[in-house]
Amino acid sequence: MIVTRPDIGFLRTDDEFILRFLRARKFDQVETFRLLAQYFQFRQQNLDMFQSFKVDDPSIKRALMDGFPGVLETPDQHGRKILILFASNWDQSR
């Protein structure tokens with residue numbers, strides 16, 4: 001399926017990486033490919049967001065401490081977990 005979409009820059013296609021997406025979609029190949037394609041398209045459309053994205057970045061840590069996250073007990077209709085962020089706790093002046 002990856003070869004059918006040369007317009008998407010699939011940066012990683014190793015088994016270990018793709019296995020994450022397969023597990024997230026319970027090994028449904030069509031849904032897995034859709035998720036993988038959306039992931040790489042999002043990254044391509046938002047390059048600036050990912051250029052300096054590091055877990056140990058103080059602003060990322062602050063965002064996580066300020067309001068990350070609540071996880072709903074029941075998944076959505078596709079079986080996905082839903083995270084709730086409490087954005088009202090964020091100090092946007094920093």
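- Grouping the Ile, Leu, Val, Met, Phe, Trp and Tyr side chains by contacts below 4.5 angstrom, directly or via other members, places F42 apart from I2.
- To the nearest 0.5 angstrom, F33 atom CZ is 5.5 Å from I8 atom CD1.
- Heavy-atom neighbours of D14 CG from other residues, nucleotides or ligands within 6.0 Å: above the threshold of 12.
- Hydrophobic clustering of Ile, Leu, Val, Met, Phe, Trp and Tyr side chains at less than 4.5 Å, counting indirect connections, keeps V3 apart from L11.
- Between F10 and F40, the ring planes lie perpendicular to each other; the angle is over 60°, past the 30° to 60° tilted range.
- Among residue pairs with one or both ends in residues 20-38, those qualifying as salt bridge (charged side-chain N to carboxylate O under 4.0 Å, His left out) are E31-R34; sequence neighbours excluded.
- Counting only residues at least two apart or in different chains, side-chain hydrogen bond (donor to acceptor under 3.5 Å, both in side chains) contacts with residues 73-82 comprise D76-R80.
- Separation of atoms CD1 (I18) and OG1 (T32) is listed at 9.5 Å; rounding is to 0.5 Å.
- Y39 and L47 fall into different hydrophobic clusters, where Ile, Leu, Val, Met, Phe, Trp and Tyr residues are linked whenever their side-chain heavy atoms come under 4.5 Å apart, directly or through other members.
- When every heavy atom of A24 is checked against every heavy atom of L35, the shortest pair comes out as CB-CD2, 4.1 Å.
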